[in-house]
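Input: a single structure, listed below in structure tokens.
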Amino acid sequence: MNTDIVKPENLVYSRTKVLTDATMHYCPGCGHGTTHRIVAEVIEELGIQDQTVGVAPVGCSVLAYNYFDVDFQEAAHGRAPALATAVKRLNPNLFVFTYQGDGDLAAIGTAETVHAAARNENITIIFINNAIYGMTGGQMAPTSLPGQVTQTSPYGRDTDHCGFPIKVCEMLSEIDGAEYLERVAVNNVKNVKAAKKAIKKAFQNQIDGKGFSLVEVISTCPTNWGLTPKKALEWVDEKMIPYYPLGVYKDRSAKEAE
């Protein structure tokens, strides 16, 4: 065994200082940890750690303030975009982002999200879509797939009875005020790299004063899907991405530059 200590100049990958030493509470295979890491890396690379305020939601990531070494506010269920709007308007020089799950953003918080986009608020939203209510036990969410089995749809989501899933990026793309919308995933290395690029662009948009940016992250919930972490990653490719295609749904500045 090689017991030599790796010298700093030989390091190719290290822990970002924007994450704390706290042990994350997320289940094995959950995509929150990977997404946290990406967001923290982007904050460090952009040099905005001391100017950043995050807004935590109600849901699995309710404890996000324990994991990021930046200032945080806790919002009532679904109200993170409204709180982020207040923080940003009162302190325009701060960088403000929300980190929300589908039950928080696409259910009780739909109105806050839609109107923040309509006003083109200069905030950034990281939206985790794992197609289920995770924290409260695996109930059907606004994003649960047609036919998906959950605790409250044991025979599969019946669209005749429950309606169809809400596709957030597609919905918001019809709003004139929204600046940038992209859907990414964190189930393999290629997708993680693309997710980081999208999140960095969304953050840079706020720094440049361009307005409302949202990155939807297709994520896993092995515990409530009833799958192993490996099978959950495969389920994202087989089921989630075909229904929620990845890509840029709106980039107003890029279109104007054409």
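Nothing fancy with the numbering, it's 1 onward along the sequence.
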Are K196 and E45 packed together at the side-chain level, in the sense that at least one heavy-atom pair is separated by less than 4.5 angstrom? yes
Quick check for you: to the nearest 0.5 Å, what is the distance between T228 atom OG1 and L233 atom CG? 8.5 Å
When clusters are formed by joining ILVMFWY residues with side-chain heavy atoms under 4.5 Å apart, either directly or through shared neighbours, do L181 and I166 land in the same one? yes
Any pair with a residue in residues 137-161 that passes salt bridge (charged side-chain N to carboxylate O under 4.0 Å, His left out), sequence neighbours left out, goes on the list, sorted by first then second residue, please. none
Under 3.5 Å, is there a donor on one side chain and an acceptor on the other for E179 and S253? yes
Is there a chain of hydrophobic side chains (I, L, V, M, F, W, Y, each step under 4.5 Å between heavy atoms) that links V168 to I218? no
Under the 3.5 angstrom rule, does the side chain of T220 hit a backbone N or O of P222 as a donor-acceptor pair? no
Please round to the nearest 0.5 Å and tell me the distance separating atom CG of L246 and atom SG of C169. 10.0 Å
I need the R89 CZ to L94 CG distance, nearest 0.5 Å. 15.0 Å
Starting from the C-alpha separation in whole Å, work towards a yes-or-no answer on side-chain contact (heavy atoms from CB on, under 4.5 Å) for R15 and D21. CA-CA 10 Å; R15 176 180 163 278; D21 292 327; 3.0 Å; yes
Consider only side-chain heavy atoms of I, L, V, M, F, W and Y, link residues closer than 4.5 Å, and tell whether Y244 and V186 are in one cluster. no
Ring centres under 6.0 Å, that's the criterion: do Y99 and Y67 meet it? no
Nearest non-hydrogen partners of V215 and A198, listed with the distance: CG2-O, 3.8 Å
At their closest point, which heavy atom of A194 faces which heavy atom of V184, and how far apart are they? O-CG1, 4.2 Å
Which is it for Q49 and K17 under the side-chain contact (heavy atoms from CB on, under 4.5 Å) test, yes or no, and what are the steps along the way? CA-CA 9 Å; Q49 182 177 3; K17 64 181 181 180; 3.4 Å; yes
F203 and F97 aromatic ring geometry - parallel, tilted or perpendicular at 30°/60° bounds: tilted
So which atom in W225 and which in A232 form the shortest heavy-atom distance, rounded to 0.1 Å? CZ3-O, 3.5 Å
Looking only at heavy atoms, the pair that brings C27 and T223 closest together is SG-OG1, 3.2 Å
Do I207 and F68 belong to the same hydrophobic cluster, where Ile, Leu, Val, Met, Phe, Trp and Tyr are linked whenever their side-chain heavy atoms lie under 4.5 Å apart, directly or via other members? yes
Donor-acceptor pair, distance only, cut-off 3.5 Å: does the side chain of T150 make one with the backbone of S153? yes
Using a 3.5 Å distance criterion without hydrogens, assess whether the side chain of T20 forms a donor-acceptor pair with backbone atoms of A22. yes
A cation-pi test, strictly: NZ or CZ of K210 under 6.0 Å from the centre of the six-membered ring of Y180 and no more than 45 degrees from its axis. Yes or no? no
How long is the gap from CZ on R252 to OG on S173, to the nearest 0.5 Å? 13.0 Å
Tell me whether V39 shares a hydrophobic cluster with Y26, the cluster being built from Ile, Leu, Val, Met, Phe, Trp, Tyr side chains joined at under 4.5 Å. yes
I want to check something: taking the side chain as every heavy atom from C-beta on, are F95 and L46 in contact at a cut-off of under 4.5 Å? no
May I ask you to test the K200-Q204 pair for a side-chain heavy-atom distance under 4.5 Å? no
Report yes if the side chains of E121 and K88 come closer than 4.5 Å at any heavy-atom pair, otherwise no. no
Full working for side-chain contact (heavy atoms from CB on, under 4.5 Å) between N188 and D237: CA-CA 10 Å; N188 58 47; D237 277 324; 4.2 Å; yes
S219, S61, C221 screened by side chain to side chain contact (heavy atoms under 4.5 Å, CB included) with H32, the one that passes: S61
Within-4.5 Å side-chain heavy-atom neighbours: I175 and K250: no
Are the side chains of I241 and N191 in contact, using a 4.5 Å heavy-atom criterion? yes
Could you grab the distance from atom CG of D69 to atom CG of N66, nearest 0.5 Å is fine? 11.5 Å
Once you round to the nearest 0.5 Å, how far does CD1 of I123 lie from CG of N205? 13.0 Å
Checking K167 side chain against Y243 main chain: does a donor-acceptor pair fall under 3.5 Å? yes
Work out which heavy atom in D104 is nearest to a heavy atom in V58; give both atom names and the distance. OD1-N, 3.3 Å
Give me the atom names and distance for the closest heavy-atom approach of T110 to A106. OG1-O, 3.0 Å
When you look at T52 and V18, which way does the side-chain contact (heavy atoms from CB on, under 4.5 Å) test go after all the steps? CA-CA 11 Å; T52 295; V18 179; over 6 Å; no
Validation row: E74, V62 side chains within 4.5 angstrom (heavy atoms): yes
Quiz: residues 124-147 side-chain donor-acceptor pairs under 3.5 angstrom, not counting sequence neighbours:
unit_1	atom_1	unit_2	atom_2	d
T124	OG1	A202	O	3.4
T124	OG1	Q206	NE2	2.8
N129	OD1	A131	N	3.1
N129	OD1	T143	OG1	3.3
N129	ND2	E216	OE2	2.9
N130	OD1	I132	N	3.4
T136	OG1	Q139	OE1	2.9
Q139	NE2	T136	O	3.1
T143	OG1	D102	OD2	2.6
S144	OG	A131	O	2.7
S144	OG	A141	N	2.8
S144	OG	A141	O	3.4

Decide yes or no for R37 and L19: does some side-chain heavy atom of the first lie under 4.5 Å from some side-chain heavy atom of the second? yes
